[in-house]
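Since we're looking at a predicted model, the values are computed, not measured. Each ligand, and each atom within it, is numbered from 1 in the order the structure gives.
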Amino acid sequence: MPNSPKHIALLTSGGDSPGMNAAIRAVVRTCAYYQIKCTGIFRGFEGLIEKDFKELDARSVKNIINRGGTFLKSTRSEEFKTKEGRKKAYENLKENQIDSLIIIGGNGSFKGGEILSKEHNFPVIGIPATIDNDINGTDFSIGYDTALNTVVEAIDKIRDTANSHNRLFLVEVMGRDAGDIALNAGIGAGAEEIIIPEENLGVDRLLASLKHSRKSGKTSSIVVVSESKLTGKNIFEIADYLEDHLVGYEIRVSILGHIQRGGAPSCYDRVLASRLGIKAVETLRTGKSNRIVGIINRKLTTISFQTAALTDRKLDEDLLRVADITSI
Ligand code: F6P
């Protein structure tokens, strides 16, 4: 193989997600399998600029497949956003005879990787890992499935109190500007309503729907609210509005926050991370780079950074229907 890599470096960047460790393990072991030298970069792009490097072998990644977070640590680097920062990063890669870079992270991290690769003609591959599931070029990102399960488990618990006290709970979930967590966890947890940025439900329709639920005999309700500002009103503003207009409900707000990012990865995320880690190294071995690896309709695939950035993500309309019908 003419362009086959001899020394791959890998880092995790942006918000951590469950399954990042499983992806690191898969990359390191695939390198061992093909006898490619592998260097772990600690603290993402910051560690790349500051040369926080450590050579990894197959045994360096033992007992991590089951652990949440990332043992390589992660940052959102401001310095890497500058040309000088990226030049330092490139020089450190060259100085260590590293010929390819694998980035495990989300959209922001891939953007950084794409610019580095363009400015210095350096091969980069992205492995999508974020609980938000907002990356083009893959049906699922690493960590999303685990986050969904965490959210559903939390809402199941909140439901106990909602039922016992006949209360209306507004539960805020993460996802940045993507409604994937809200919509899927909302369906899975049996929410009455789901507020997502991709669909402008509006507070009046929410109000009408909750009044209708009450009339139809529901005594408590769960409304899942995406954290995105694109929904128009934040969760406290929605709560205030409902308190002013909805008689007979006691309202509580619950913000799930960072518990959604932690914990042991689900089996699905471990398998996905393992497959994508192997695919990343094997893609470099075919001489291709500046791409994201992903899974579409159960098939491993790759898409260029550029196409991924241009394509619009579409919401699964059928899921909206499922949510509407099952919450009647
Ligand atoms: O991208 C993952 C994510 O958890 C988003 O869902 C959330 O909006 C953001 O990161 C929170 O970032 P931070 O951990 O920096 O507060």
Side-chain angles (χ1 to χ4, degrees), residues 11-24 43-47 67-81 103-114 126-155 170-186 188-189 194-198 224-238 253-266 269 272-273 276 292 294 305 308-309 313 315:
L11 58 82
T12 48
S13 170
D16 64 335
S17 73
M20 277 184 161
N21 277 324
I24 296 168
R43 298 181 295 112
F45 292 129
E46 269 180 24
R67 279 169 41 198
T70 158
F71 94 95
L72 285 179
K73 317 261 181 195
S74 191
T75 51
R76 294 191 167 107
S77 169
E78 285 306 313
E79 196 178 353
F80 194 75
K81 289 184 185 153
I103 297 169
I104 305 172
N107 284 320
S109 310
F110 297 157
K111 182 100 220 118
E114 186 188 1
I127 300 182
T130 162
I131 63 163
D132 301 340
N133 203 40
D134 59 352
I135 298 174
N136 286 318
T138 189
D139 289 341
F140 302 109
S141 55
I142 298 164
Y144 170 61
D145 180 68
T146 306
L148 286 183
N149 287 307
T150 303
V151 172
V152 166
E153 199 185 323
I155 297 180
L170 302 180
V171 182
E172 186 187 276
V173 299
M174 281 186 168
R176 213 174 280 275
D177 287 330
D180 294 49
I181 295 182
L183 185 54
N184 282 277
I194 303 166
I195 315 281
I196 51 171
E198 294 87 347
V224 173
V225 182
S226 150
E227 68 172 347
S228 171
K229 290 190 176 61
L230 303 177
T231 54
K233 285 192 188 313
N234 71 35
I235 195 162
F236 294 106
E237 290 164 342
I238 297 174
V253 166
S254 181
I255 297 178
L256 297 188
H258 286 82
I259 62 160
Q260 294 163 93
R261 285 239 298 263
S266 66
D269 275 329
L272 178 66
L276 294 182
I292 294 165
F305 282 137
R313 280 187 78 249
L315 189 77

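Summarising the geometry of R67 relative to N21, their closest heavy-atom pair is O-ND2, 3.1 Å, with the distance given to 0.1 Å.
Heavy atoms of G175 approach ligand 1 to within less than 4.0 angstrom. Residue contacts with ligand 1: Q260 is excluded, as none of its non-hydrogen atoms falls under 4.0 Å.
A heavy-atom distance below 4.5 Å is found between the side chains of R261 and D16. Here the side chains of N184 and Y144 are in contact, with some heavy-atom distance below 4.5 Å. Proximity of E172 to V253: side-chain heavy atoms (C-beta onward) are nowhere separated by under 4.5 Å.
Here the protein heavy atom with the shortest distance to atom 2 (C) of ligand 1 is D132 OD2, 3.3 Å. In terms of protein heavy-atom proximity, atom 11 (C) of ligand 1 is nearest to R261 NH1, 3.7 Å. Protein heavy atom at the shortest distance from atom 16 (O) of ligand 1 is H258 NE2, 3.4 Å.
Annotation for ligand 1: atoms under 4.0 Å from non-hydrogen atoms of M174 are 4 (O), 6 (O).
Looking at R76, R176, E227 and measuring to atom 8 (O) of ligand 1, the nearest heavy atom belongs to E227.
The line from CG of L72 to CD1 of I24 is 4.0 Å long, rounded to the nearest 0.5 Å.
Just one residue in the list T146, L148, L272 forms a side-chain contact (heavy atoms from CB on, under 4.5 Å) with S266, and that residue is T146.
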